[in-house]
Asks: 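One structure coming up, written as structure tokens, with questions to follow.
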Amino acid sequence: MKKFLIIANWKLNGNLKFINKNINLIKKNINNSLSFCNLSIAPPYIYINYINNFLKNTSISLTAQDVDIHIKGSFTGETSIKMLKDVGVKYIIIGHSERRLFHNENNNLISKKFILIKNNGLIPILCLGETKEQKAQNQTEQVCIQQINNIIKNSNINIFNKTIIAYEPVWAIGSGKSADIDKIQKIILFIKKYISSLNNKVAKNIYFLYGGSVNYSNIETFFKTNIINGFLIGKASLEIQNFISLVKKSDKLISLLNRS
Ligand code: 13P
């Protein structure tokens with residue numbers, strides 16, 4: 001069975017005091033204590049290497065929140081895939097709606113990042129999802145497929161093998177109101193079917209995460225179906241005690257599901 005993947009996306013939050021206080025707490029409570037889940041932490045770039053030193057030889061992995069398309073050279077302010085690899089990163093989030101919105105990232109740039117990550121042996125987490133306006137106009141499926149097609153166009157369907165797609169409806173992020181599980185199931189199934197029509201084996205090898213106002217109190221609803229293979233969590237990953245409880249609760253809920 002594939003392990004459920006929980007990623008803490010700290011976005012632009014945290015400092016050395018926060019990390020020093022919490023990273024050992026996470027390590028002590030989580031490392032080797034989970035049977036069905038894997039945990040990954042996505043801190044701001046500047047703290048990745050520091051945290052890596054704490055997480056070496058643990059089951060907890062590191063995720064980067066973005067990557068540049070260049071490997072090296074005169075690109076002030078950027079961080080390359082080789083550097084992320086160098087400091088022990090396993091997954092890289094790309095196409096997050098906050099990068100699309102605040103940094104004008106488009107599907108073409110995101111597809112370049114996806115291909116670069118895959119070709120360098122790390123695992124891309126492609127975020128996709130509709131805005132409130134697109135939802136109102138019933139464009140969810142179209143928007144998600146466009147984002148996927150752009151990557152296929154610049155490479156081929158095999159590029160999606162062993163990658164991660166995170167369905168993150170833009171309107172649900174940070175709103176305190178998550179998407180309805182029936183709607184999440186519908187869109188993930190739709191994407192899965194689409195990819196499977198192009199290559200069934202590849203479709204089976206993709207992890208599907210959900211992100212958007214996941215918290216300790218609402219996680220039960222997401223386990224009503226086994227369509228979701230993990231969570232991408234923002235705000236609720238910053239309250240560390242609660243987050244540890246959320247991770248442990250997820251592990252327990254999956255164990256109950258497995259038994260029934
Ligand atoms: P929230 O959990 O704060 O809604 O953020 C979700 C998200 O953007 C994860 O990438």
Side-chain angles (χ1 to χ4, degrees), residues 4-14 18 22 26 37-45 47-48 51 60-67 84 89-105 107 110 113-114 117 122-132 134-135 140 143-144 147 163-181 183-184 187-188 191 206-223 228-250 253:
F4 196 83
L5 178 62
I6 300 179
I7 301 186
N9 181 5
W10 286 354
K11 305 189 179 182
L12 190 59
N13 295 294
F18 172 85
N22 291 307
I26 294 175
C37 294
N38 278 330
L39 174 65
S40 191
I41 302 193
Y45 276 150
Y47 301 120
I48 289 181
I51 294 181
I60 305 162
S61 65
L62 272 166
T63 295
Q65 295 180 19
D66 189 33
V67 66
L84 295 177
V89 161
K90 181 170 183 188
Y91 306 100
I92 303 180
I93 298 170
I94 48 164
H96 195 285
S97 60
E98 287 150 14
R99 292 219 55 92
R100 293 178 193 260
L101 183 65
F102 303 123
H103 299 271
N104 296 321
E105 293 202 5
N107 284 345
I110 294 159
K113 291 186 177 185
F114 190 98
I117 297 167
L122 297 191
I123 303 173
I125 300 173
L126 173 68
C127 296
L128 41 79
E130 79 286 4
T131 61
K132 197 173 156 200
Q134 289 164 335
K135 180 176 177 251
T140 304
V143 167
C144 293
Q147 302 182 3
T163 62
I164 300 177
I165 293 177
Y167 174 54
E168 294 209 313
V170 183
W171 52 268
I173 295 174
S175 69
K177 192 176 171 343
S178 71
D180 207 79
I181 184 62
K183 297 269 162 51
I184 300 171
I187 185 67
I188 293 182
I191 297 170
I206 298 175
Y207 253 60
F208 285 91
L209 311 186
Y210 169 74
S213 296
V214 174
N215 60 51
Y216 180 83
S217 310
N218 67 12
I219 51 171
E220 257 119 334
T221 56
F222 304 111
F223 291 105
I228 297 171
N229 308 121
F231 299 135
L232 196 47
I233 304 181
K235 203 168 162 197
S237 70
L238 291 165
E239 289 163 28
I240 300 301
Q241 287 287 6
N242 276 349
F243 180 65
I244 290 169
S245 305
L246 181 161
V247 175
K248 290 191 159 182
K249 188 175 171 187
S250 300
L253 286 168

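Indexing begins at 1, ligand by ligand and atom by atom, following the structure's order.
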Asks: Could you tell me if the side chain of I164 sits less than 4.5 Å from the side chain of Y91, heavy atoms only?
Replies: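 Touching, per the 4.5 Å side-chain cut-off.
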Asks: For R100, is there an ion pair with E105 - N to carboxylate O distance below 4.0 angstrom?
Replies: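 No salt bridge links E105 with R100.
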Asks: Start with the C-alpha gap between E130 and W171, add the side-chain angles, then the distance that decides, and say whether side-chain hydrogen bond (donor to acceptor under 3.5 Å, both in side chains) holds.
Replies: CA-CA 8 Å; E130 79 286 4; W171 52 268; 2.9 Å; yes
Asks: Where the side chain of N242 meets the backbone of E239, is there a donor-acceptor pair that is under 3.5 Å apart?
Replies: no
Asks: Among F223, F222, F231, F4, find the one that has a ring-ring contact (aromatic ring centres under 6.0 Å, His included) with Y210.
Replies: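 When F223, F222, F231, F4 are each tested with Y210, the ring-ring contact (aromatic ring centres under 6.0 Å, His included) holds only for F222.
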Asks: Are any protein N/O atoms closer than 3.5 Å to the N/O atoms of ligand 1? If there are, list each pair with names and the distance to one decimal place.
Replies:
from	atom 1	to	atom 2	distance (Å)
ligand 1	2 (O)	G234	N	2.9
ligand 1	3 (O)	K235	N	2.9
ligand 1	4 (O)	G174	N	2.7
ligand 1	4 (O)	S213	N	2.7
ligand 1	5 (O)	K11	NZ	3.2
ligand 1	8 (O)	K11	NZ	2.8
ligand 1	8 (O)	H96	NE2	2.8
ligand 1	10 (O)	N9	ND2	3.0
ligand 1	10 (O)	H96	NE2	3.0
ligand 1	10 (O)	E168	OE1	3.3
ligand 1	10 (O)	E168	OE2	2.9

Asks: Considering residues at least two apart in sequence or located in another chain, which fulfil the salt bridge (charged side-chain N to carboxylate O under 4.0 Å, His left out) criterion with K249?
Replies: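 Per chain and number, K249 pairs via salt bridge (charged side-chain N to carboxylate O under 4.0 Å, His left out) with E220.
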